[in-house]
Novice: 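One structure follows; several queries about it will come next.
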Amino acid sequence: MVHGLEIGKQAPATHFTDNKGDVLDITSFKGKKNVVVFFYPKSFTNGCTRENVGFAQNYDKFSAMNTEIIGVSKDDTETQDKFVSCYKLPFPVCSDTDGAAAKDFELGTDFFGLVNARVTFIINKEGIVVEKYHGMWIMSAHIEAALKAVEKLEGK
């Protein structure tokens with residue numbers, strides 16, 4: 001269960017609460033954009049900050065390939081808004097305090113249940129999970145895997 005939805009499955013019709021408190025419906029991108037949803041353990045921690053900043057540094061590349069980025073952790077909306085402001089993140093960072101989105105994506109925990117799993121999902125315009133990456137230690141690998149998958153989707 002740690003690794004989440006299987007490749008080839010339909011992404012769940014999950015609603016996220018973003019850092020501004022607005023509801024973000026993942027199905028709103030269907031037929032329009034690819035979506036990269038990355039779940040991470042906790043905002044303002046070293047590794048999670050590096051991962052978010054890494055996605056931010058590559059945001060223009062993703063945007064040029066018609067792809068939306070969405071970050072998700074269990075932090076509350078207020079914390080997420082401070083995190084986005086502090087690091088000038090150009091994409092929504094969503095709050096999953098009740099774990100509903102993680103459950104919808106069939107995520108579990110890592111480190112003997114101590115922290116939420118770090119998993120990145122790449123979802124095509126049809127709403128299908130076409131790639132995923134799981135790994136706690138090498139944050140840049142999440143960005144590289146997502147870029148490679150989106151490039152493949154967009155024929156680059």
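These figures come from a predicted structure and were not determined experimentally.
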Novice: For the side chain to side chain contact (heavy atoms under 4.5 Å, CB included) test, which of Thr120, Leu147, Leu89 pairs with Phe55?
Specialist: Thr120
Novice: Rounded at 0.5 Å granularity, tell me how far CG in Asn124 sits from OG1 in Thr67.
Specialist: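 Nearest 0.5 Å value for the CG-OG1 distance: 10.0 Å.
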Novice: Please report the interatomic distance CD(Glu144) to CG(Asn58), rounded to the nearest 0.5 Å.
Specialist: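 The distance works out to 9.0 Å.
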Novice: Which atom names give the shortest non-hydrogen contact between Asn66 and Lys32, and what distance separates them?
Specialist: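 Scanning both residues completely, I find the closest heavy atoms to be ND2-O, 2.7 Å.
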Novice: Distance check, rounded to the nearest 0.5 Å: Tyr40 atom OH versus Asn52 atom CG?
Specialist: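 So the gap between those two atoms works out to 4.5 Å.
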Novice: Below 30° counts as parallel, above 60° as perpendicular, anything between as tilted: where do the rings of Phe121 and Phe105 land?
Specialist: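 Judged by the thresholds at 30° and 60°, the geometry between Phe121 and Phe105 is tilted.
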Novice: May I have the step-by-step check of side chain to side chain contact (heavy atoms under 4.5 Å, CB included) for Val37 and Phe16, ending in yes or no?
Specialist: CA-CA 11 Å; Val37 179; Phe16 299 104; 4.2 Å; yes
Novice: Given Asp75 and Ser43, is the side-chain hydrogen bond (donor to acceptor under 3.5 Å, both in side chains) satisfied, shown in steps?
Specialist: CA-CA 7 Å; Asp75 296 290; Ser43 293; 3.3 Å; yes
Novice: Does one side chain, of Ser28 or Asp25, offer a donor that lies under 3.5 Å from an acceptor on the other?
Specialist: no
Novice: Could you walk me through whether Phe38 and Glu51 pass side chain to side chain contact (heavy atoms under 4.5 Å, CB included), step by step?
Specialist: CA-CA 9 Å; Phe38 68 100; Glu51 182 178 20; 3.6 Å; yes
Novice: For the NZ atom of Lys9 and the CD1 atom of Ile123, what is their distance to the nearest 0.5 Å?
Specialist: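 The distance works out to 12.5 Å.
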Novice: Apply the test side-chain hydrogen bond (donor to acceptor under 3.5 Å, both in side chains) to residues Asn34 and Glu154: give CA-CA distance (whole Å), side-chain angles for both, the deciding distance (0.1 Å), then the verdict.
Specialist: CA-CA 9 Å; Asn34 304 305; Glu154 294 298 309; 2.9 Å; yes
Novice: Does NZ belonging to Lys33 count more than 12 external heavy atoms closer than 6.0 Å?
Specialist: yes
Novice: Within the structure provided, determine whether Ile70 and Val35 are in side-chain contact (heavy-atom separation under 4.5 Å).
Specialist: yes
Novice: Of all residues at least two apart in sequence or in a different chain, which pass the ring pair (Phe, Tyr, Trp, His ring centres under 6.0 Å) check with Phe29?
Specialist: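 Ring pair (Phe, Tyr, Trp, His ring centres under 6.0 Å) list for Phe29, sorted by chain: empty.
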Novice: Around atom NZ of Lys42, are there more than 12 heavy atoms from other residues, nucleotides or ligands closer than 6.0 Å?
Specialist: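 Not more than 12 within 6.0 Å, no.
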Novice: Verify whether the ring centers belonging to Tyr87 and Phe83 lie closer than 6.0 Å.
Specialist: yes
Novice: Could you go through Asp76 and Thr97, starting from their C-alpha distance and side-chain angles, then the distance that decides it, and tell me whether this counts as side-chain hydrogen bond (donor to acceptor under 3.5 Å, both in side chains)?
Specialist: CA-CA 6 Å; Asp76 62 33; Thr97 55; over 6 Å; no
Novice: Stepwise, does the side chain to side chain contact (heavy atoms under 4.5 Å, CB included) test hold for Val150 with Met65?
Specialist: CA-CA 7 Å; Val150 172; Met65 293 185 285; 3.6 Å; yes
Novice: Identify the two heavy atoms, one from Asp96 and one from Ala102, that lie closest to each other, and give their separation to 0.1 Å.
Specialist: OD2-N, 3.0 Å
Novice: Taking only residues two or more places apart in sequence or in another chain, which ones pass side-chain contact (heavy atoms from CB on, under 4.5 Å) with Lys20?
Specialist: Asp18, Asp22, Asp81
Novice: Return the OG to CG distance between Ser95 and Asn19, rounded to the nearest 0.5 Å.
Specialist: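 Spacing of OG (Ser95) from CG (Asn19) equals 10.0 Å.
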Novice: With a 3.5 Å distance limit and no angle check, can you tell me whether Glu131 reaches the backbone of Ala145 through a side-chain donor-acceptor pair?
Specialist: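 Between the backbone of Ala145 and the side chain of Glu131 there is no qualifying donor-acceptor contact (under 3.5 Å).
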Novice: Quick one, Glu6 with Val129, criterion side chain to side chain contact (heavy atoms under 4.5 Å, CB included). Give me CA distance, side-chain angles, the key distance, then yes/no.
Specialist: CA-CA 7 Å; Glu6 293 300 318; Val129 175; over 6 Å; no
Novice: Roughly how far apart are Tyr59 OH and Ser63 OG, rounded to 0.5 Å?
Specialist: 4.0 Å
Novice: For Glu68 versus Phe91, what's the shortest heavy-atom pair and its separation?
Specialist: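 Closest approach of Glu68 to Phe91, heavy atoms only: OE2-CB, 4.4 Å.
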Novice: Should Ile7 and Lys132 count as side-chain neighbours, where that means a heavy-atom distance under 4.5 Å?
Specialist: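 The answer is yes, as the side chains (C-beta and beyond) meet within the 4.5 Å cut-off.
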Novice: Which pair of heavy atoms, one from Ser73 and one from Gln80, lies closest together, and at what distance?
Specialist: OG-NE2, 2.9 Å
Novice: Give me the atom names and distance for the closest heavy-atom approach of Pro12 to Ile26.
Specialist: O-CG2, 3.2 Å
Novice: Applying salt bridge (Lys or Arg N to Asp or Glu O under 4.0 Å), can you list everything that pairs with Glu151, at least two apart in sequence or on another chain?
Specialist: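 With neighbours one apart ignored, the set is empty.
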Novice: Under 4.5 Å between any side-chain heavy atoms of Pro41 and Lys74, yes or no?
Specialist: no
